[in-house]
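Working notes, beginning with the structure itself.
We count ligands from 1, going down the list as the structure has it; atoms in each ligand are counted the same way. The structure presented is a predicted model; accordingly, all values stated were derived computationally and were not measured.
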Amino acid sequence: MLHPKNTEIYFTLNTGAKMPALGLGTANEIEQIPETKQAVKAAIKSGYRLIDTAWAYRCEDRVGEALKELFEEGAIKREDIFITTKVWPTHWDIASDSISRSLENLGVEYVDLVLQHWPLCFNRVEDKDGVDGIARNPTHLDGSANINEEGDYLSTYKQLEKMYLAKDPRFKAIGVSNYPLDYLQRLLKECRVVPAVNQVEIHPQLPQMELRDFCTEHGIRLESYSPFGATGSPLTKNALMQKLAEKYSCTPNDILLAYNIRQGVVTVPRSVNPKNIVANIEFISLTKEDSSVLNKYGLENSQRFRNEKFAESIPGFREN
Ligand SMILES: NC(=O)C1=CN([C@@H]2O[C@H](COP(=O)(O)OP(=O)(O)OC[C@H]3O[C@@H](n4cnc5c(N)ncnc54)[C@H](O)[C@@H]3O)[C@@H](O)[C@H]2O)C=CC1
Ligand SMILES: O=C1O[C@H](CO)[C@@H](O)[C@@H]1O
């Protein structure tokens, strides 16, 4: 294939399953949540085969509505798409319930991948404006995260592992998200099932080189979130991205997606705009030399764009 589209590229997971290199992210801003349905439909119709969602995004039901219509229209079959969902830290001790809830929302019998969303255990606090009546980011009065002090973050993965080893039909693979390297080291010591995926923030200002080497060595596929630097896509305004875009006669967005995909990293840009969804399919043959230039740039200009306050509770999370 001389010039594939990003949507035609697949990476193999340690389970043997193929995961599309490009997917649609669905962590939409609250006011854009109703647009999730048409975004998923536009994505699938233009060739996307991976949808990245989560209970915490409050849009699984919209993804489900889109899938139902796509199945009914005969646009796609369930087995031809890869669906990822995630267990939020409020559900750290009830991972099975979280999966059931997600499947109900999505209207499917299984997902292809379940990720532990964060290595954190939150207390469940009632909140009528929360997700399913539960505060998504519970905090104490001083604004610090309301962490369950008895909880062990690895407990969630251990629950997923137990279900996976018992061949739970509700999911095909398990993985993690936002796991720093030392957390993965502990996981590998205490668990038998190597996570299929670790989804973390990766882009040319956060190349995550050490984590990347570690994951490659242990057969864990990395997946990049916030490839454009999250809301407002600040990375597309970066002078180096603009210079490379000029060199390859493409957009900075194309460079940012190629940066991940050319290095074997799955990526899930978010958009509800059908034009942008389609534009993100364009594949660019970014050279190894230019990928190295970007990696070096990131080491010298490191910046995390998704700054969740609760991440302060994860030692070492902000150090890169
Ligand atoms: N596991 C985790 O903790 C996290 C996972 N994620 C996942 O990663 C996905 C992507 O990351 P995000 O932070 O949402 O942001 P992103 O880096 O994908 O950027 C989204 C922004 O880029 C804009 N955009 C997209 N395509 C464009 C185009 N072709 N031209 C111009 N603008 C364009 C969108 O309108 C939006 O403002 C999420 O939707 C979610 O699925 C995101 C954050 C954390
Ligand atoms: O996946 C995620 O997306 C959000 C923003 O909704 C981020 O906090 C979370 O980890």
Are L50 and T84 close enough, and set up right, to give a side chain to side chain contact (heavy atoms under 4.5 Å, CB included), and what steps lead you there?
CA-CA 8 Å; L50 164 62; T84 303; 3.8 Å; yes
Does Y225 form a side-chain hydrogen bond (donor to acceptor under 3.5 Å, both in side chains) with D52? I'd like the steps, not just the answer.
CA-CA 10 Å; Y225 70 65; D52 182 76; over 6 Å; no
Per-atom contacts of ligand 1 with [X], taking only distances under 4.0 Å to non-hydrogen atoms:
X	answer
H117	1 (N), 2 (C), 3 (O)
G232	37 (O)
S271	25 (C), 26 (N)
D52	7 (C), 40 (C), 41 (O)
S233	22 (O), 32 (N)
G229	17 (O)
P269	18 (O)

Flag this pair as yes if the NZ/CZ of R101 is under 6.0 angstrom from the six-membered ring centre of W55 and inside a 45 degree cone about the axis; otherwise no.
no
Within 45 degrees of the axis of the six-membered ring of F283 and under 6.0 Å from its centre: does R262 put its NZ or CZ there?
no
Could you check whether E109 pairs with R78 (Lys NZ or Arg NE/NH1/NH2 to Asp/Glu carboxylate O, under 4.0 Å)?
no
So, are R124 and D93 salt-bridged, with charged N and O less than 4.0 Å apart?
yes
How close does the nearest protein non-hydrogen atom get to [atom], and which residue and atom is it?
atom	value
atom 39 (O) of ligand 1	A27 N, 3.0 Å
atom 9 (C) of ligand 1	V268 O, 3.0 Å
atom 1 (N) of ligand 1	Q199 OE1, 2.6 Å
atom 29 (N) of ligand 1	N280 OD1, 2.9 Å
atom 27 (C) of ligand 1	N253 ND2, 3.5 Å
atom 3 (O) of ligand 1	N178 ND2, 2.9 Å
atom 11 (O) of ligand 1	S226 N, 3.0 Å

So, the side chain of [X] versus the backbone of [Y]: is there a donor-acceptor pair under 3.5 Å, distance only?
X	Y	value
N148	E150	yes
Y57	I33	no
N280	N276	yes
S46	A42	yes
N198	L222	no

Decide whether an N or O pair under 3.5 Å exists between P227 and ligand 1.
yes
Polar proximity ligand 1 side, T26 side, N/O cut 3.5 Å exclusive:
yes
Does only the side chain of [X] get under 4.0 Å from ligand 1, or the backbone, or both, or neither? Count heavy atoms.
X	answer
T53	neither
S177	side chain
T236	neither
F305	neither
R306	side chain

Indicate the ring-plane relationship of W88 and F122, choosing parallel, tilted or perpendicular according to the 30° and 60° boundaries.
perpendicular
Which option wins on minimum heavy-atom distance to [atom]: [options]?
atom	options	answer
atom 40 (C) of ligand 1	Y57, F228, Y225, W118	Y57
atom 35 (O) of ligand 1	R270, E223, K275	R270
atom 19 (O) of ligand 1	A56, S224, A230	A230

Centroid separation under 6.0 Å, is that true for the rings of Y179 and H117?
no
The criterion is side-chain contact (heavy atoms from CB on, under 4.5 Å); which residues satisfy it with Y297, sequence neighbours excluded?
Q205, N238, L240, M241, N301
Taken to the nearest 0.5 Å, the spacing of S96 OG from M163 CE works out to 5.0 Å
Interatomic distance, CD@E223 vs CG@L113, rounded to 0.5 Å, equals 7.0 Å
Less than 4.5 Å apart, any side-chain heavy atom of P195 and any of H218?
no
Expected rows: ligand 2 N/O, protein N/O, dist below 3.5 Å:
{"residue": "ligand 2", "atom": "1 (O)", "partner": "Y57", "partner atom": "OH", "Å": "2.5"}
{"residue": "ligand 2", "atom": "1 (O)", "partner": "H117", "partner atom": "NE2", "Å": "2.7"}
{"residue": "ligand 2", "atom": "6 (O)", "partner": "R136", "partner atom": "NH2", "Å": "3.1"}
{"residue": "ligand 2", "atom": "8 (O)", "partner": "E308", "partner atom": "OE2", "Å": "2.1"}
{"residue": "ligand 2", "atom": "10 (O)", "partner": "W118", "partner atom": "NE1", "Å": "2.8"}

E60: which of T53, T26, T85 passes side chain to side chain donor-acceptor pair (under 3.5 Å):
T85
